[in-house]
Asks: 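There's a structure below that I have some questions on.
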Protein chains: 2
Amino acid sequence: MVAKKQKGKGKKVTRVGRPNKLNSVNVRETLIQAGVELLETTSLEEISLRKVAAKAGVSHVASYHHFENKHALFSAIAEIGFQKYFESYQIELQKTEQDFKGRYRALGWTYFQFIMNNRQFARIMFGGMGVESNLNPTLSSVSRRTYRQLHEIIRMGQNLGYLEKGQTREKTLASWAMIHGIAMLFLEGRLQMKNDTKEMEKFIQTVTEYAYNGMKS
Amino acid sequence: MVAKKQKGKGKKVTRVGRPNKLNSVNVRETLIQAGVELLETTSLEEISLRKVAAKAGVSHVASYHHFENKHALFSAIAEIGFQKYFESYQIELQKTEQDFKGRYRALGWTYFQFIMNNRQFARIMFGGMGVESNLNPTLSSVSRRTYRQLHEIIRMGQNLGYLEKGQTREKTLASWAMIHGIAMLFLEGRLQMKNDTKEMEKFIQTVTEYAYNGMKS
DNA sequence: ACCTGAACACCGTTCAAGT
DNA sequence: ACCTGAACACCGTTCAAGT
């Protein structure tokens, strides 16, 4: 159903990546890329190591030469998602005022928007598979990076007198959790909302305001 | 590996429920109960319809006479989790002052504590399987009940002058999301914390305070 | 070193047969 | 009406064999 068939006919169907001379680095990245593309059309539940391999044009066993198991392969796919997210934050930052409130709001809005616009990615990134992500060193470093980004902004706000001093960790977590929680509730389908970007932005802005008000000095 | 074997020997091994005369209602509930028990010892990833059926002492096909598919069975298991949660909230309410702040804090703390103390349940309840829960009428009614409980408290706070009037929905979601988000981040292993109940309670209290402060009048 | 087909032990779901 | 074994089309993982 996916691809496969047709061994050496020149018509490679939906194979991903360069057509020939796949060295091993190539295969690893072709697998990841195939996973990323498959994720766009297939729900996380339906995706499988075998389908990714088929899309990549290699035997499914080949995956085990580059990844320890299915989780490792899927984590690598999720990692691409985190890269995309960090990039989108950088882009959003360009468009925003560089003061504390601008950056604080930009981070929350980017976080939320990315999850809404990349639901499949979000599902693979945020433990949809029961992955305890602290078991994966890369993912946990990515979590720390997210944490540190926000932590830095909070600290900036404290230094500039916008936020009350002290309890920086608590304030960081509270801010992160609020946005994360809203995104997760939407993602799980527990909340409905008009799919209107303007309205969503306003909503996130309101909520961000609550958090900011609750922590200001 | 699980149970099964031994047809009519009187030694029913690990079968769940009453030993004989299973009518169909019985089988349905035996399956759910078996799922609940299995959840205590098996990760959500490893659990399967077949294992639940084996634990219940019926053929795995029997499940299809009572549930449309695997999701329906698992949703029924998740529902038990929600019942347990609502009960624990009632119990917590007894121990708490009935004023606004007491109820507001009790709800958040119960929500968080339940998830921490019932991680397997939480995983099956909160979309661990990629279940878009709005597709399941019972689950979505449970979501609405959670929402309404909090909504009522917020409204009470507004009427008593603790919270600013207006934007009740936004305030409800912000409060819910913050606690939910923290619990999810812990559940996914993205945050570490000493497994110290007192410390956790203090942390939740601090965060609840931020939310409260941000929305107060 | 890397890839492969075959095999293994599992899945969820369907079907035809039993009572 | 309800339960069953057999069968089907899938899984993830391992193994022995190929280059």
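Any value given below was found using the heavy atoms of this structure, including those in side chains, with hydrogens, waters and symmetry copies removed. Keep in mind that this is a model prediction, so the values were computed, not measured. Just so it is clear: chains get the letters A, B, ... in the order the sequence lines come, proteins before strands, and each one is counted from 1.
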Asks: How would DNA chain C look in dot-bracket form, 5' to 3', counting Watson-Crick and G-U wobble pairs with both distances under 3.5 Å and writing | for bases paired to another strand?
Replies: ||.|||||...|||||.||

Asks: With a 4.0 Å cut-off, would you call A:Lys202 and A:Glu199 a salt bridge?
Replies: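 Looking at A:Lys202 and A:Glu199, the cut-off is not met.
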
Asks: Measuring from atom CD1 of B:Ile124 to atom OG of B:Ser75, what distance do you get when rounded to the nearest 0.5 angstrom?
Replies: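 Output value for this atom pair is 8.0 Å.
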
Asks: Roughly how many Å is it from CD in B:Glu45 to P in C:dC10, rounded to a whole number?
Replies: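 In whole Å, C:dC10 P lies 16 Å from B:Glu45 CD.
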
Asks: Name the orientation class of the two ring planes belonging to A:Trp176 and A:Tyr147 (parallel below 30°, tilted from 30 to 60°, perpendicular beyond 60°).
Replies: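 The arrangement is tilted - the two ring planes meet at 30° to 60°.
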
Asks: Once you round to the nearest 0.5 Å, how far does CD1 of A:Ile182 lie from CG of A:Leu187?
Replies: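 Between A:Ile182 CD1 and A:Leu187 CG, I get 13.5 Å after rounding to 0.5 Å.
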
Asks: Return a single string for nucleotides 12-19 of chain D, one symbol per nucleotide in 5' to 3' order, where B is base contact, S is sugar-phosphate-only contact and - is none, cutoff 4.0 angstrom on heavy atoms.
Replies: BBBB----

Asks: Tell me yes or no: between the side chains of A:Glu45 and B:His71, is some donor less than 3.5 Å from an acceptor?
Replies: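 Checked: A:Glu45/B:His71 side chains pair up, N/O donor to acceptor below 3.5 Å.
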
Asks: Examine B:Lys84 relative to B:Phe86 and say whether NZ or CZ is less than 6.0 Å from the centre of the six-membered ring and inside a 45° cone about the ring axis.
Replies: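 Verdict for B:Phe86: no cation-pi partner in B:Lys84.
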
Asks: I'd like to check the side chain to side chain donor-acceptor pair (under 3.5 Å) partners of B:Gln113; sequence neighbours left out, ordered by chain and number.
Replies: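 Applying side chain to side chain donor-acceptor pair (under 3.5 Å) to B:Gln113 gives B:Trp109.
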
Asks: Output the rounded distance in Å from CZ (A:Arg28) to C1' (C:dA1).
Replies: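 Atom-to-atom, A:Arg28 to C:dA1, this comes out as 16 Å.
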
Asks: CD of A:Glu46 to CG of A:Leu38: how many Å apart, nearest 0.5 Å?
Replies: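 With rounding to 0.5 Å, CD (A:Glu46) is 9.5 Å from CG (A:Leu38).
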
Asks: To the nearest angstrom, how far is B:His66 atom NE2 from D:dT4 atom C1'?
Replies: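 Result: 13 Å.
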
